[in-house]
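Notes for the one structure printed next.
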Amino acid sequence: MRAIRARYPNADPELGFGSDLHAKSWLAPTLPTEPDREVNPDVPLRNTTPRMFQKYQLGIGGPCKYFSPPAGYWCGNGTSGGGAFSYKVPSGMVADMSILPNSPYKNASGAVVQTWRPSHWASWMFEVGEYDSSAGTFHFSKGGFQGARGNSKGDNFYIENVFEELDSPNEYFFDEKTKMLYFYYNGTGMPPSDTQYVIANIKTLFNVTGSQAKPVKGITFRGVGFRDTAYTYLDPHGMPSGGDWALQRMGALFLEGTEQTTVDSCIFERLDGNAVMISGYNRNTTIQKSEFAWIGDTAIASWGYTTGAGIDGMGPNGTDGNQPRFNNILYNFVHELGIWEKQSSFYFQAKSCQNLLQGNIFFNGPRAGINFNDGFGGGSNLTENILFNTCRESGDHGPSRVKIF
């Protein structure tokens, strides 16, 4: 059973976002509005898409200062499509205290505000820095980088990690100063003496890292159970490419610089970040006949590196091959994901190509079941997959989504 960090409104995050609260107002963005530098080469040029997406674009620094690396398509001045504008997020919010019945809070520093971006394209998490109890003003010290398409406002929200909200069975609160853990036991009397509490503080269970020059070869995980990693939604995120996703380059199983890695008949469950990250140079990674359930973010993500922009891992040149290629994602059973980050999928790829997704079953996710963030390299094949009950919480998309940039 997943314990619930003290929150309002009370809800089980495994059953959905669980809140229709709306802030009185949102504090204006404070990020820079202009990038420190832009990369807009004349070549390559795609003139088959009139007015939009003809040239490579990258904004470096400025509004992307808190991304890792600090650059992205949505931080440049030439964004296109879907009401495009440069990335921005609110710096805080003002909440009418009448909608937070346990407020004012004695100390809201370290609280987390989870909110939808307007139009429900992604969910954001903000850590609270300063809090004005008399005005109901929460100033954010971190966050909002969990999606690449920003906005000056949030939408419906909930607040968690506040002691005063510890008022419902199965909730907990950890006091950082006193190192005291509080838990609201769902029963009569004291909890049984043999009750066990598992505190997840590890984010990556297996890290298989080599290099393109010296890859790790022939590793197999067969019949292994992966579970109970810590959440990563406030860890550094990057903008992988021109689609509107932001992502943390990490997972319970992390692969980089590998060849012929196989994951077969494994179970991934209750992992609060990504389950599998296929990062950078990988060849012929096979993930097959495995089950993924109750995943905090994305089940399988494949994210490569490019060059040519003067910043690590980004640019218009992918000819060095430092990307995942020839992935085989076969006959997996995936359900119940996006517990935390709602911009999540069964399978995501960016700057990755020539991959095969075949015979997978996916259902019960907040957004698209399969997301291609760009058209890098081509040659990927989706066949004989069953996807249903997708986009349960988000504002648009379908079972699969391909962005061609």
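Numbers here simply count residues along the sequence, with the first being 1. Since the model is a prediction, treat every value here as computed from it, not as a measurement.
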What pairs meet the ring pair (Phe, Tyr, Trp, His ring centres under 6.0 Å) rule with one or both residues in residues 274-303, with sequence neighbours excluded? F268-F292

Taking atom CD of E130 as the centre, does the number of heavy atoms from other residues, nucleotides or ligands within less than 6.0 Å exceed 12? no

Would you say I267 has more than 12 foreign heavy atoms packed within less than 6.0 Å of its CD1?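 Not more than 12 within 6.0 Å, no.
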
Closest heavy-atom contact between [X] and [Y]?
X    : Y    : answer
T306 : G318 : CG2-CA, 3.9 Å
A28  : S91  : O-OG, 2.6 Å
W245 : P240 : O-CD, 3.3 Å
G369 : F362 : CA-CE2, 3.4 Å

Please check this pair: side chain of [X] against backbone of [Y], looking for a donor-acceptor N/O pair closer than 3.5 Å.
X    : Y    : value
N322 : D320 : no
R392 : S394 : no
N328 : L356 : no
T298 : S345 : yes
E160 : V113 : no

Run the ring-ring contact (aromatic ring centres under 6.0 Å, His included) check on F363 and F333 step by step: do they pass? CA-CA 9 Å; F363 60 95; F333 182 54; 5.7 Å; yes

Apply side chain to side chain contact (heavy atoms under 4.5 Å, CB included) to K214 and list each qualifying residue two or more places apart in sequence or on a separate chain. S211

Got a sec, which residues hit side chain to side chain contact (heavy atoms under 4.5 Å, CB included) with P29, two or more places apart in sequence or on another chain? K88, S152

Taking the six-membered ring of F326 as reference, does the cationic atom of R283 (NZ for Lys, CZ for Arg) lie under 6.0 Å from its centre and within 45° of its axis? no

Hey, does the Lys NZ or Arg CZ of R249 hover above the aromatic six-ring of Y305, less than 6.0 Å from the centre and inside 45° of the axis? yes

Distance only, no hydrogens: is a donor on one side chain within 3.5 Å (strictly under) of an acceptor on the other, for Q349 and N355? yes

Is a donor from one side chain sitting under 3.5 angstrom from an acceptor on the other, for N107 and S109? no

With a cut-off of 3.5 Å and sequence neighbours excluded, list every side-chain donor-acceptor pair involving residues 56-69.
{"residue": "Y56", "atom": "OH", "partner": "G315", "partner atom": "N", "Å": "3.1"}
{"residue": "Q57", "atom": "OE1", "partner": "G78", "partner atom": "N", "Å": "2.7"}
{"residue": "Q57", "atom": "NE2", "partner": "Y73", "partner atom": "O", "Å": "2.8"}

Would you check if the distance from the ring center of [X] to the ring center of [Y] is below 6.0 Å?
X    : Y    : result
F17  : Y158 : yes
F206 : F226 : yes
F157 : F126 : no

Under a 4.0 Å N-O cut-off, is there an ion pair linking R2 with E14? yes

Report, one line per pair, each donor and acceptor closer than 3.5 Å where one atom sits in a side chain of residues 191-203; sequence neighbours left out.
{"residue": "T195", "atom": "OG1", "partner": "P192", "partner atom": "O", "Å": "2.8"}
{"residue": "K203", "atom": "NZ", "partner": "D235", "partner atom": "OD1", "Å": "2.9"}
{"residue": "K203", "atom": "NZ", "partner": "D235", "partner atom": "OD2", "Å": "3.0"}

Can you pull out every side chain to side chain donor-acceptor pair (under 3.5 Å) where at least one residue sits in residues 93-105? Sequence neighbours excluded, please.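 Listed by first then second residue: D96-S98, N102-E165, N102-D167, Y105-E165.
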
